[in-house]
Amino acid sequence: MTDLIATLNEEQARAVTLPAQHALILAGAGSGKTRVLTTRIAWLIQTGQVTPQGVLAVTFTNKAAKEMQARLAAMLPVNPKAMWIGTFHGLCNRLLRAHHREAGLPQLFQILDSADQLAAIKRLLKTLNVDDEKFPPRELQHFINGQKEQGVRAAAVDAFDDFTRRRVALYAEYEAQCQREAVVDFPELLLRTYELLSRNEPLRHHYQRRFRHILTDEFQDTNKLQYQWLKLLAGGEEGEAPACLFCVGDDDQSIYRFRGAEVGNMLAFEREFKVPNVIRLEQNYRSCGNILDAANAIIANNTQRLGKELWTDRGEGEPIRVYEAFTDGDEARWLVDEVQALVRDGMLRSDIAILYRANALSRGLEHQLFSAGVSYRVYGGLRFFERQEVKHALAYLRLIANPDDDTAFARVVNFPTRGIGARSLEALQDAARTYNSSLYATVSHLSGKPRASIGAFVQLIETLRNATASLPLPEAVDHVLDQSGLRAHYESQKEKDGRERLENLDEIISAATNFVAESEAPEPDVAHPLLADFLAHASLEAGDHQADATDDAVQLMTVHAAKGLEFDAVFLCGLEEGLFPHENSLMETDGLEEERRLMYVAVTRARQRLYVSLAQSRMLHGQTRYNMRSRFLEEIPEALTKWLTPRTSGGQMQARPAYFTPSPAAPRRPAVAARAPGRDLGGLRIGQNVRHARFGVGVIVAAEGSGSDARVHINFGAQGVKWLLLSVAKLDPV
DNA sequence: CAACCTGCGGCCACT
DNA sequence: CCGCAGGTTG
């Protein structure tokens, strides 16, 4: 133990060995945050200040929770699974399962992921005959989740106008529907647990006495409800001593405001708890000086900061390499060549990451990597448990666990098709409304043809439930895949998709096998052992298992997904206005600062080498866009960079990049040539940067007409996109 | 009722 | 570009 502390720097050691009081640790990127957190737990246990049962550690991602467990297992002779370490959602799930009766839920309640939730809302709007033009399901979902993340139930929303009152009414209907169907969405997991503990005094006291040390990672990303949740668990009522809150965070890495995170919680915590210990960790052990200087320079443009500057003693290292490509295709080809060069020089593929702002960018990169034969792994995007065929299979399993799950029912009642069309379903939904019961339970009230066809489906589920009741989970899954007709359906599909989907179905069995192996043995003689746990696992960890670090593959992911990770070499691509910063962020208050924090996160992922790249033209959403260089690129001091392509400030369009590899399949030429063949724009060209006296610098994205009618379409970034008459507007090439 | 077609709208990040 | 909703046809 003393050894462990001896390897820490002074500030880290101070944080780890703080007395049993509240503490706020402002930990910069790469400052050893996870290390401090885990060593703190180990130190508390080893010095006898707390038992493993008395520790509660909360993280945001499953990845982080697993890593913490693994590190603790290496430091301590105790089984880390005995400790409560997990995500907010995972811990709440655990509490709600243990006290489902008190929380007003059946034992086998199901968890809705975002897509399930959206489907449930659409179904609700349909049964209530609500115009979904006036109440777009997505917006309603956002509204409901926003309220829940504030800890506000439908009955408690302040509504001052009719529109809000209607939305609140729908929120209430949605709550009722979820309760009827025994399903719980993500924010509900937290809100339910919060309400359970605040209303049930004995239970609350039980956990308050149990958890003496509560440690929170990524505290800057907590929302209001999560903070309340932590405060409630910390306790300290009626003269009892509160648990010690140890919160670790970095306001500069707060990137989840869009889902309700409030950086303000850091200041609120310090103020409300009169936190006696605030420690800054500013020494960075990850990145070379140039990378760190760039990160510091970028984040310095933000105004709302607690203030913190990272430093390193590792020397300046290599410059940041910048590449400006003609097209997204060129960018991807260059990138793959560079990756291959790094691998030739001995770098592991798994130490290389390609980061982007939006998942849409991964496709083109994957294409190039694939044709070059470079193995890669994509994180995020469409994850395993979110695939259509997998969700279908899970829906059958969910109906076995909980027949009242209408979302699951509606998903597979006619998949594979069994002659149950819109009419039958409508009859069923009307009846369900009348009897106020789930679709499944309503079938017995039907008559005529719907009764026969849907009745047969119910019979199928009953048969499946009985047949699988005592089977081990993987065998139960196998049985369901066969008897539901899912396998047969995908086998008969002629599309090549069928094959991949069959493999995914088999993969569910593997996932179930792994899950069983990692779980505690269930009590014997329980029907459907581990089924509900497995389904919760599928909802909460939509497919982390593809994060198989064993094989050597280049890692592709969004910047969000990269938070908390680090790599020897990082490629950050798509550094264009509109993409990064994302155009939607400019409309939101403080949106740009959040984008800049995201940029800061991206840059600080790199240990030795950072590449940033952009494309003058990019095919996105089916059309070619001409974007300006990202302002974030301009915020990196020039002295820290090395341009691999000629820098295009002042002057003509850049020359053909030195690093240019024409693809034999598709001869390269500037995309603009195809769009506006031979048009005379008075010396201007599409894709060119120009300056306008009023709108500033922009890029020409299109042109039409000729002679005195010639007009050009110019993207002025924040100033908007304008059509300008060439004979009127004065435009200077930049 | 199901398979196919077409036209329209979305389209940023994630538990 | 992609997926979905709605309409048409077999």
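Protein chains get the first letters and strands the later ones, always in sequence-line order, with residue 1 at the start of each.
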Distances for protein N/O vs nucleotides 1-10 of chain C N/O pairs under 3.5 angstrom?
residue: C/dC2; atom: OP1; partner: A/Arg363; partner atom: NH1; Å: 3.4

Nucleotide nearest A/Thr417 when distance is taken to its side chain, options B/dT15, B/dA2, B/dC14: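 Per side-chain heavy atoms of A/Thr417, the pick is B/dA2.
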
Among B/dT15, B/dC11, B/dC14, the one nearest A/Thr558 by side-chain distance: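 When the side chain of A/Thr558 is considered, B/dC14 is the closest of B/dT15, B/dC11, B/dC14.
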
Whether A/His582 stacks on the six-membered ring of B/dC12 base, 5.5 Å and 30° limits: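 Ring-base stacking flag set for A/His582 and B/dC12.
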
ring centroid sep under 5.5 Å plus plane angle under 30, A/Phe258 with B/dA13: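 Here A/Phe258 meets both the 5.5 Å and the 30° conditions.
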
Listed once per pair and sorted, the side chain to side chain donor-acceptor pair (under 3.5 Å) pairs that draw on residues 117-127 of chain A, sequence neighbours left out: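 Residue pairs with at least one partner in residues 117-127 of chain A: A/Gln117-A/Gln141, A/Gln117-A/Asn145, A/Gln117-A/Tyr174, A/Gln117-A/Asp185, A/Arg123-A/Glu181, A/Arg123-A/Thr407.
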
Pairwise salt bridge (charged side-chain N to carboxylate O under 4.0 Å, His left out) hits with a residue in residues 592-601 of chain A, at least two apart: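 Sorted result for residues 592-601 of chain A: A/Arg257-A/Glu594, A/Arg357-A/Glu595, A/Glu594-A/Arg597, A/Arg596-A/Glu635.
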
Could you state the atom-to-atom distance from [atom1] of [X] to [atom2] of [N] in whole Å?
X	N	atom1	atom2	answer
A/His142	B/dC12	NE2	C1'	12 Å
A/Glu218	B/dC14	CD	C1'	13 Å
A/Leu620	B/dG10	CG	P	16 Å
A/Leu190	B/dT15	CG	P	14 Å
A/Leu118	B/dG10	CG	P	13 Å
A/Arg138	B/dC14	CZ	P	13 Å
A/Gln226	B/dC14	CD	P	16 Å
A/Asn223	B/dT15	CG	P	14 Å

Ionic contact status for A/Lys33 with A/Asp250, cut-off 4.0 Å: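 Judged by the 4.0 Å cut-off on N to carboxylate O distance, A/Asp250 and A/Lys33 do not form a salt bridge.
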
Carboxylate-amine/guanidinium proximity below 4.0 Å for A/Glu491 and A/Arg487: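 Here A/Glu491 does not pair with A/Arg487 in a salt bridge, since their nearest N and O are not under 4.0 Å apart.
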
Any A/Asn414 side-chain N or O less than 4.0 Å from OP1/OP2 of B/dC1: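 For A/Asn414, the contact criterion (side-chain N or O under 4.0 Å from OP1 or OP2 of B/dC1) is not met.
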
DNA chain B: 5'-proximal contact among A/Ser424 and A/Asn584 (nearest heavy atom):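 First, find each residue's nearest nucleotide; the 5'-ward one identifies A/Ser424.
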
Toward the 5' end of DNA chain B, by each residue's nearest nucleotide, A/His560 or A/Ile420: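 Result: A/Ile420.
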
A/Gln177 (side chain) donor-acceptor with A/Ala120 (main chain) under 3.5 angstrom: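 Yes: the side chain of A/Gln177 pairs with the backbone of A/Ala120.
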
Donor-acceptor contact below 3.5 Å, side chain A/Gln220 vs main chain A/Asp252: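 Not a single qualifying donor-acceptor pair exists.
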
Once you apply a heavy-atom cut-off of 4.0 Å, does [X] come out as touching a base, just sugar-phosphate, or nothing?
X	answer
A/Phe88	nothing
A/Ser114	base
A/Asn359	sugar-phosphate
A/Asn145	nothing

Aromatic plane relationship, A/Tyr611 with A/Phe571 - under 30° parallel, 30 to 60° tilted, over 60° perpendicular: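 The arrangement is parallel - the two ring planes meet at less than 30°.
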
B/dA13 to C/dC4 separation - P atoms, rounded to the nearest Å: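 16 Å, rounded to whole Å.
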
Min side-chain heavy-atom separation A/Leu108-A/Leu535 under 4.5 Å: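 SC-SC contact between A/Leu108 and A/Leu535 ruled out.
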
hbond_proxy A/Glu588 side chain to B/dC12 base (donor-acceptor, 3.5 Å cutoff):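 Checked by distance alone, the answer is yes.
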
